[in-house]
Protein chains: 2
Amino acid sequence: MRTSLFTDHYELTMLQAALESGAAHRPSVFEAFARRLPEGRRYGVVGGTGRLLEGLVDFHFDEEQLRFLSDHRVVNAQTIKYLENYRFSGNISGYAEGELYFPNSPLLTVESTFAEACVIETYLLSVMNHDSAIASAASRMIASAGDRPCIEMGSRRTHEESAVAAARAAMIAGFTSTSNLEAGARYGLKTVGTSAHSFTLLHDSERAAFEAQVASLGKDTILLVDTYDVENGVRTAVEVAGPELGGVRLDSGDLVQQAGWVRQLLDDLGNWNTKITVTSDLDEYAIAALASAPVDAYGVGTALVTGSGHPTASMVYKLVARQDDAGSWIPVAKAAANKASVGGRKHAVRQLNDRDRAVAEIVSTTEHTSGGPERALVVPLVVNGEIDMSYTGAAGVHKATERHRASTQELPGIARKLQRGEPVIPTIMIQD
Amino acid sequence: MRTSLFTDHYELTMLQAALESGAAHRPSVFEAFARRLPEGRRYGVVGGTGRLLEGLVDFHFDEEQLRFLSDHRVVNAQTIKYLENYRFSGNISGYAEGELYFPNSPLLTVESTFAEACVIETYLLSVMNHDSAIASAASRMIASAGDRPCIEMGSRRTHEESAVAAARAAMIAGFTSTSNLEAGARYGLKTVGTSAHSFTLLHDSERAAFEAQVASLGKDTILLVDTYDVENGVRTAVEVAGPELGGVRLDSGDLVQQAGWVRQLLDDLGNWNTKITVTSDLDEYAIAALASAPVDAYGVGTALVTGSGHPTASMVYKLVARQDDAGSWIPVAKAAANKASVGGRKHAVRQLNDRDRAVAEIVSTTEHTSGGPERALVVPLVVNGEIDMSYTGAAGVHKATERHRASTQELPGIARKLQRGEPVIPTIMIQD
């Protein structure tokens with residue numbers, strides 16, 4: 001599967017015009033960053049880096065694609081000729097996947113000719129904007145859930161390929177498993193699932209359905225008990241599976257109240273080890289509201305895959321510096337109106353206090369050290385076109401999960417607050 | 001590309017348990033519907049049907065997928081054996097793509113064994129929920145834009161594959177073109193684009209950039225004039241391209257006010273035929289606010305691809321009827337709590353008044369005619385496993401676009417109101 005046409009038309013017309021003007025070959029620096037976090041969020045989580053690198057491997061133009069571009073006169077013959085040999089041969093460095101970010105953190109820095117960097121813009125932003133939105137939402141859910149496991153089950157509420165990426169992003173932020181089989185197959189993620197209401201309705205009675213499920217999946221399965229009447233459902237489940245019943249799932253109603261009496265009922269019936277999973281339209285707020293209820297696991301769907309109100313991370317990709325014909329670097333930035341940004345290549349470190357807690361994001365146009373404790377944020381991802389594959393595949397997900405865990409532990413406790421507020425640490429922009 | 005693992009784990013464990021209990025082969029009817037529209041929306045637009053049918057062609061399990069399911073003990077050997085030969089061989093009928101829908105409209109009806117219908121659940125919902133959310137948002141934007149063209153340019157703000165589906169859904173709802181090249185290649189959609197701020201910043205001056213663009217793309221190109229100063233940008237654009245300049249693009253600032261004086265300036269300079277395209281974070285409300293401004297085209301990005309606040313259509317897929325062992329049809333429905341639904345296979349017609357305007361959605365458990373004017377809503381999509389390919393590919397998009405146009409013309413004018421309100425026609429559920 002080629003990834004090269006996941007690209008806006010204008011990237012290629014710019015390429016054409018720049019090839020003609022000669023400026024296409026100017027060494028350039030692009031940066032991807034977010035001007036702001038979604039309103040009220042305390043931090044963002046970088047998602048998608050591994051997928052981006054995987055897709056970059058396949059980012060070249062095959063014959064059929066070139067024929068499309070030529071037949072539809074998207075670009076001229078000279079540009080087609082350039083694209084025939086297109087491979088990204090420059091450098092990309094950036095925040096590792098799973099790392100936290102703040103407004104104006106330089107998330108990815110792309111150094112190459114203008115031509116090479118321009119062509120990958122749309123694809124790079126698509127991957128990062130989607131996956132970071134999901135990872136950021138997932139991280140808040142994990143913070144709300146405390147020690148209780150969160151299961152990703154939102155596939156049906158988003159595009160089938162987004163679902164795979166969302167499952168991956170959720171795991172990076174700390175979800176323990178996903179319902180998505182394709183994500184399991186591609187990234188070695190743990191997949192789980194037992195049954196839906198249709199399975200109960202298919203059988204002649206709830207008891208017959210439970211018997212069928214237990215016979216096939218074992219007594220440690222999770223039975224869905226709210227198809228008809230929850231109390232009867234729980235009693236039947238226990239009668240069928242006995243004290244070894246793995247769990248019951250509640251998918252409707254007032255979950256806080258229901259979890260309370262279902263737990264009591266299970267205990268009264270001797271099913272002390274039977275767990276309660278809840279799954280009805282949960283988001284980080286509903287999870288927080290269930291903290292005091294005797295719930296053992298959360299299944300999260302819609303809110304996860306739609307970024308809990310913020311389905312895109314709104315990252316942009318801006319030319320910040322380029323050489324002139326004399327080979328001097330010129331910092332550049334849009335000046336007009338409400339989208340002004342800071343020109344020049346940025347560096348970034350996270351400043352820490354003496355207890356290794358984050359206190360500020362230092363972004364600077366020349367390399368800068370605070371003198372005190374700080375942590376480097378930027379890692380090389382692509383060097384002279386050579387992609388660091390350690391960030392891709394199952395190993396990449398594992399690495400990103402570790403990065404997320406370490407970086408969130410470094411945040412002050414207030415970062416876990418769900419209330420709207422300012423970013424938990426300030427971004428200090430130092431321009432020299 | 002196989003589509004069969006875009007599936008929740010539990011679909012296959014249910015299959016396994018039902019194969020063992022014998023219920024897997026019971027003839028069954030599943031329906032996809034939305035319990036409600038997104039809050040305040042007047043109607044929904046069915047999107048994704050064509051993509052669903054395209055994906056169904058590839059919905060079978062290859063060796064590698066079966067090995068994954070087997071190695072990871074997702075299901076047992078008997079189930080693997082069943083999946084080896086899996087092909088959907090039943091019937092699917094439903095609302096044509098582009099059709100409008102209301103709460104409880106039976107959007108898709110799937111008739112087959114439980115086993116066959118269960119396995120496609122997640123994939124069917126993913127496609128329909130995503131594409132319908134985008135088509136529904138796009139339709140409101142088109143209603144706001146009136147006769148002015150809307151251009152889809154949101155690819156960078158959503159997953160790369162969602163972007164292709166979003167471009168397709170936008171075109172169905174009446175967008176005239178998209179920036180997404182992959183969507184152009186797959187579905188024969190018109191793609192457009194000229195340049196971004198980076199192109200201006202790459203060159204030694206705005207003038208040099210405009211000269212390069214005009215030299216390469218022609219005088220009828222659209223120049224982006226807000227990199228430095230909009231007035232200077234417009235003057236330079238006109239000096240470079242002359243009276244034949246195709247258009248200018250405004251991407252920041254107060255667009256209503258700016259469009260006014262930019263139009264005046266263009267006219268004063270003699271550029272009466274130079275058009276104004278605006279593109280900064282537009283949604284249906286911003287488009288409506290620009291109605292009185294001298295704008296010629298709208299470029300819509302983030303709001304389109306994220307469903308303008310509602311990124312999923314929240315459709316569900318429910319078993320509504322199944323046979324018992326005696327071969328009698330049993331209507332079934334979940335009873336508990338806040339998710340109760342009506343059992344039994346549904347039929348649907350749109351009731352019209354004598355001026356052919358829609359007045360009600362009649363949904364009934366037996367075929368029902370109002371006696372007055374009405375329009376059938378349901379078409380066959382798959383018959384005994386045979387997929388009607390006329391709904392797929394470029395031809396399918398064209399057909400859906402026509403359907404959307406005809407169906408929206410049938411709505412009362414109030415449907416185009418942006419204010420929150422009730423669905424524009426009521427759904428009347430008739431249970432026999």
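A note on names: the letters A, B, ... follow the listed sequences, proteins ahead of strands, and every chain is numbered from 1. Reckoned from all heavy atoms, side chains included, excluding hydrogens, waters and symmetry mates.
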Chain B heavy atoms under 4.5 Å from [X]: which part of the residue, side chain, backbone, both or neither?
X	value
A/T122	both
A/L15	neither
A/V316	side chain
A/M128	neither
A/Q16	both
A/V74	side chain
A/S314	both
A/S155	both
A/F199	both
A/V192	backbone
A/F30	side chain

Contact origin within [X] toward chain A - heavy atom pairs under 4.5 Å:
X	value
B/L12	side chain
B/E121	side chain
B/V75	neither
B/L19	neither

Against chain B, work out which of [options] has the most heavy-atom pairs shorter than 4.5 Å and name it.
options	answer
A/S4, A/A165, A/G184, A/A215	A/G184
A/M1, A/E211, A/R51, A/H72	A/R51
A/A212, A/A196, A/A163, A/A18	A/A196

Between the side chains of [Y] and [X], is the shortest nitrogen-to-carboxylate-oxygen separation below 4.0 Å, so that they form an ion pair?
X	Y	value
A/D204	B/R322	yes
A/D325	A/R26	yes
A/R156	B/E11	yes
B/K334	A/E206	no

| Criterion side chain to side chain contact (heavy atoms under 4.5 Å, CB included) on B/F114 and A/S198, from CA distance to verdict | CA-CA 9 Å; B/F114 175 84; A/S198 62; 3.8 Å; yes

